[in-house]
Structures are given as C-alpha cells and as structure tokens.
Amino acid sequence: MAKSVLSTSALRTIVTEIAAEMAASEDRGNVAAYIPELACIDPHRFALAIVTPEGEVIAAGDADMPFSIQSVSKAFTLAVALGQMGEALWTRVGREPSGDPFNSIVQLEHEQGIPRNPFINAGAIAVTDAILSGYEPREAIAHILEFIRYTAGDDEILIDENVARSEEATGFRNAALANFMRDFGNVTCEPAMTLGVYYHQCAVVMSARQLAMAGRFLAFDGCLRPGGSRVISGRMARQINALMLTCGHYDGSGEFAFRVGLPGKSGVGGGILAVAPGRASIGCWSPGLNAVGNSKLASLALEMLADRTGWSVFAPH
Ligand code: GLN
C-alpha cells in the first residue's frame, strides 16, 4: 500500500485493531525478572503510538502508561555521543551485528575490548563512557535526560531511581563488561561511574506516546518533523537507523528485519522504538519478552503494522 492511500482514519483503524488483538493474546512472553524492579510489571499491558510527519499522534492501549525504556535509551545515547565526538566514536565501538545475546562478553576478548556495536551492553557502556569523559556522572545523566526530553518535546520525562539502584545492586555482568573494557583502555572513567550513568539512562521512564515523539528525529532525517527543527544531521540519523536495523534487537535483529522491515531498538522493559523513515515514528510496549529479550507482543504488533500499512525500508516510497 502506498503512503498516499493511508489516511489518518485508516491508520487509526489499523492501530486500534492491532491493540485489540494484542490485548486478547494469551501468549505474552516473560517479563525481565533479572532486574528485580521490573519483575513485578503486569504482562497484560500493551501500547502502540505513532507520530505522523504532520505531528499527529495516533495511539491505542496503554499509550500513556510509563515504562522503563532500558536499552531503547542506547539509540539516544548514540546520538548524544556522535554529536559530542563525531566519527571518533567509531574507534571505540564497531558497527557489525554480534549474533550474540545483549549481555555477552565472549567477543570482547578476541576483539581487544572493542564491542561489535553500540547496542549490545558492552557497546552501550563504551558509548556512555565516552559521553561521561570530562563530566561528573550527574552532569552526564542530566545531559542525556535533557536530550531525550528535547526530542520528545516533554520536560516531564524522569528517571526511576529505584530501577537504577536495582540494577546497580545486581548488574554483575555489566560490571564485568565495564571492567574488562577498562583493562583494554576502552572504558576510561572509573567503571562504577560509567555504570552508574548507564543504569540511569536505562532507568528513564517513558510512555509509548513519549517514545514515539522522541523518535521523530530518526524518522524525519534528523529533524523533529520534515523540514522542522534539526536535532542531528540527516546522515547521522540514517546511520543510526542502519544500526538499529542490523543490531537493534541483538541476536534477534535478523528476524526483526525480516518480519518488520523497519529499524527498531528494543529494551528489556518491553519497549520498542521503530522508525518508518519519512512516514512515522512508532513507540510500542508490552512487558513480556521472547527468548532473546525483545518484547514478544511489541515485535508481533510491529510486524502487523508493517504488513497492514506497507511500511518497510525495502519497499518503494
Ligand atoms: N539495563 C539492561 C541491562 O544492562 C538493559 C538491557 C536491555 O534492555 N536489553 O542489562
């Protein structure tokens, strides 16, 4: 289906129908119990929100319910780090899919502490360390939060300190990754400081509506709307989208690209930010995860959305 034939009301019907189908689904996956604060989230939640080029928001389900964005934050910190240090960031992190779980350590030793990409935990920790260099942790956290608030156009977005503390107390594997990279010189700050900032970025709380708003700069070539205020260069937005498509779902990235055909970034809170370039920024949330740690129903809902709208980076515009 071409863009021109999709009216707002047709889009609204599609979004409402998908939300209703997802609400009725019995097989919802499992919430991320390894972060104690996330273990108690109700798996029956589902939200879908879309922002159009005109700035209209089409939303259904629990679209205003806040959730922990977790690794979705890595798309924003990548933009912040690229803005801060430009191409030099790529000496510290690669641009290849890892094919391994998000928290894996195995490739790091062979590859001298340079993580495969900025979206696996090791890569995101290196990116956060780059942002932190020269700042106090609270300044870096404030800077990241400011960026997210600006992109979302919403100053109410907050960080859940309980989630950050909960991860700080139990994140032994992330501590291993940070210390390992510290030894290779690819974490330059005190690992505990870098991890503190990383846990706070993961603990940002947003609704699907806010997430869809925050993703506009990726959907509209670096701007908040086509031809509107510029957040990052168009080239940089396209590069982040390319990485979201190839690496945004860890070892489920190939499957997501195959099924959905849109760049996406998932988090273990059950959120996914997806981008239909030039057409929509999409926030989707359901807390139950599949075996590789991506939201089961949000992935399915995005597949349905792509199917019913015809949106795909592989389809002609
Ligand atoms: N904060 C989580 C962690 O570091 C983020 C992981 C994720 O969302 N995939 O384990």
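Note that the SG atom of Cys284 and the CE atom of Met304 stand 10.5 Å from one another [nearest 0.5 Å]. For the atom pair SG of Cys247 and CD1 of Ile120, the computed distance is 8.5 Å after rounding to the nearest 0.5 Å.
Side-chain contact between Ile35 and Thr170: absent, with no pair of heavy atoms (C-beta onward) separated by less than 4.5 Å. Side-chain contact between Val205 and Val163: absent, with no pair of heavy atoms (C-beta onward) separated by less than 4.5 Å. With contacts defined as side-chain heavy-atom distances shorter than 4.5 Å, the pair Glu56/Arg12 qualifies. Annotation: side chain of Ile131 is not in contact with side chain of Val197 (no heavy-atom distance under 4.5 Å). Contact annotation: the side chain of Lys74 approaches that of Asn121 to within less than 4.5 Å [non-hydrogen atoms, C-beta and beyond]. Counting heavy atoms from C-beta outward, Met181 and Arg92 have side chains that stay 4.5 Å or more apart. Side chains of Met213 and Asp154 form no contact here, defined as non-hydrogen atoms less than 4.5 Å apart. Put simply, the side chain of Leu195 does not reach to within 4.5 Å of the side chain of Glu168, judged on heavy atoms.
Evaluation of the side-chain hydrogen bond (donor to acceptor under 3.5 Å, both in side chains) rule for His44 yields Asp42 as partners, not counting sequence neighbours. Checked against side-chain hydrogen bond (donor to acceptor under 3.5 Å, both in side chains), Arg116 has the following partners two or more places apart in sequence or in another chain: Glu111. With sequence neighbours excluded, the residues that form a ring pair (Phe, Tyr, Trp, His ring centres under 6.0 Å) with Tyr250 are Phe102. Checked against ring pair (Phe, Tyr, Trp, His ring centres under 6.0 Å), Phe256 has the following partners two or more places apart in sequence or in another chain: His249. Evaluation of the ring pair (Phe, Tyr, Trp, His ring centres under 6.0 Å) rule for Phe67 yields Trp285 as partners, not counting sequence neighbours. In terms of the ring pair (Phe, Tyr, Trp, His ring centres under 6.0 Å) criterion, Tyr135 has no residue partners (sequence neighbours excluded).
Inspection of the Asn30 and Lys296 side chains reveals no N or O donor paired with an N or O acceptor under 3.5 Å.
Heavy atoms from other residues, nucleotides or ligands lying under 6.0 Å from CZ of Arg138 number 12 at most. In the displayed structure, Met193 atom CE is contacted under 6.0 Å by at most 12 heavy atoms of other residues, nucleotides or ligands. Annotation: Arg149, atom CZ; neighbour count of heavy atoms from other residues, nucleotides and ligands within 6.0 Å is above 12. Within 6.0 Å of CZ on Phe314 lie more than 12 heavy atoms contributed by other residues, nucleotides or ligands.
Without hydrogens or angle criteria, Asn241 side chain to Leu218 main chain gives a donor-acceptor distance under 3.5 Å. At distances below 3.5 Å, at least one donor-acceptor pair connects side-chain atoms of Ser295 with backbone N or O atoms of Ser286. Of the possible polar contacts, one joining the Arg28 side chain to the Met22 backbone as a donor-acceptor pair under 3.5 Å is found. Side chain of Gln210 to main chain of Ser207: a donor-acceptor pair is present (N/O by atom type, distance under 3.5 Å, no hydrogens or angles). Within the 3.5 Å criterion, the main-chain N or O of Ser233 finds no donor-acceptor partner in the side chain of Arg238. In this structure, the side chain of Asp129 engages the main chain of Cys189 through a donor-acceptor pair within 3.5 Å. Under a 3.5 Å cut-off, the side chain of Thr128 and the backbone N or O of Tyr198 do not form any donor-acceptor pair. Within the 3.5 Å criterion, the main-chain N or O of Glu139 finds no donor-acceptor partner in the side chain of His143. The backbone N or O of Gly248 sits less than 3.5 Å from a side-chain atom of Lys265, completing a donor-acceptor pair. Side-chain atoms of Asn186 come within 3.5 Å of backbone atoms of Gly113 as a donor-acceptor pair (strictly under, hydrogens ignored).
Gly270 and Ala298 make their closest contact through O-CB, 4.1 Å (heavy atoms, listed as atom of the first residue, atom of the second, distance). Summarising the geometry of Gly261 relative to Leu245, their closest heavy-atom pair is C-CD1, 4.3 Å, with the distance given to 0.1 Å.
Between Arg209 and Glu156 there is no salt bridge, since no side-chain nitrogen of the basic residue lies less than 4.0 Å from a carboxylate oxygen of the acidic one.
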